[in-house]
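Below is one structure; the comments refer to it alone.
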Amino acid sequence: MTNKLGLRASALDWRVIDDEVVMLDAEQSTYIATNPSGTVLWAALQQGVTRRQLIDALVARYGIDDERAARDTDAFLAELRARDLLAES
């Protein structure tokens with residue numbers, strides 16, 4: 001079974017400003033800003049996606065190879081997990 005990934009539903013407030021996501025986690029009192037590729041991944045996570053779909057989104061947007069897109073995706077997901085922002089089902 002493929003896991004669906006999304007963002008934690010509670011206590012997150014975020015906006016897209018100039019191709020960057022600026023997010024406030026009220027639950028943990030932290031602030032995060034993403035780069036443009038993080039913004040692509042963040043937007044996809046709002047819909048609920050698989051890891052493969054995230055990789056494909058980066059490949060489509062930036063024309064990079066699967067290997068690089070997978071590394072970037074995994075690093076982004078690891079950061080979200082470490083901050084308790086990722087929901088997995």
Side-chain angles (χ1 to χ4, degrees):
M1 175 185 264
T2 303
N3 285 350
K4 282 283 192 177
L5 305 168
L7 297 170
R8 186 184 78 217
S10 64
L12 292 179
D13 187 26
W14 61 276
R15 302 281 183 271
V16 176
I17 301 171
D18 295 330
D19 291 331
E20 294 182 353
V21 168
V22 177
M23 186 276 303
L24 174 65
D25 179 357
E27 195 171 277
Q28 309 241 351
S29 299
T30 58
Y31 157 88
I32 298 172
T34 68
N35 61 19
S37 63
T39 301
V40 170
L41 297 175
W42 187 275
L45 286 165
Q46 290 295 309
Q47 310 298 318
V49 292
T50 64
R51 176 181 174 270
R52 180 74 246 173
Q53 289 170 313
L54 293 171
I55 293 167
D56 291 345
L58 290 183
V59 169
R61 176 78 163 101
Y62 296 106
I64 59 178
D65 62 58
D66 268 12
E67 201 171 298
R68 178 167 176 202
R71 282 193 314 269
D72 291 351
T73 296
D74 290 342
F76 189 75
L77 292 175
E79 182 68 24
L80 293 180
R81 278 186 190 100
R83 294 176 179 267
D84 193 29
L85 297 173
L86 192 64
E88 300 181 64
S89 60

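Predicted model, so just to flag it, every value in this text is computed and none were measured.
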Please list, chain by chain and in numerical order, all residues satisfying side-chain hydrogen bond (donor to acceptor under 3.5 Å, both in side chains) with Asp25, sequence neighbours excluded.
Arg8
Arg61 meets the side-chain contact (heavy atoms from CB on, under 4.5 Å) criterion, sequence neighbours left out, with Val40
Separation of [Y] [atom2] from [X] [atom1] (nearest 0.5 Å):
X     : Y     : atom1 : atom2 : result
Leu85 : Thr30 : CG    : OG1   : 6.5 Å
Leu41 : Leu80 : CG    : CG    : 8.5 Å
Gln53 : Leu45 : CD    : CG    : 10.5 Å
Leu7  : Gln46 : CG    : CD    : 5.0 Å
Ile55 : Thr73 : CD1   : OG1   : 5.0 Å
Arg51 : Asp56 : CZ    : CG    : 10.5 Å

With clusters defined by side-chain heavy atoms of hydrophobic residues (ILVMFWY) lying less than 4.5 Å apart, directly or transitively, does Ile17 cluster with Ile32?
no
According to a 4.5 Å side-chain heavy-atom criterion applied to Ile, Leu, Val, Met, Phe, Trp and Tyr, with indirect links allowed, do Phe76 and Val22 form part of one hydrophobic cluster?
no
Asp66 and Arg52: CA distance, side-chain angles, deciding distance, salt bridge (Lys or Arg N to Asp or Glu O under 4.0 Å) verdict
CA-CA 10 Å; Asp66 268 12; Arg52 180 74 246 173; 3.0 Å; yes
Around Glu88, counting heavy atoms of other residues, nucleotides and ligands shown, do more than 12 lie under 6.0 Å from its CD?
yes
Do you know the tightest heavy-atom contact between [X] and [Y]?
X     : Y     : answer
Thr39 : Thr34 : OG1-OG1, 2.9 Å
Leu54 : Leu77 : CD1-CD2, 3.9 Å
Val59 : Ala69 : CG2-CB, 3.7 Å
Lys4  : Gly48 : NZ-O, 3.6 Å
Asp13 : Arg15 : OD1-NH1, 3.0 Å

Would Trp42 and Val16 count as a side chain to side chain contact (heavy atoms under 4.5 Å, CB included) if you check the C-alpha gap in whole Å, the side-chain angles of each, and the deciding distance to 0.1 Å?
CA-CA 10 Å; Trp42 187 275; Val16 176; over 6 Å; no
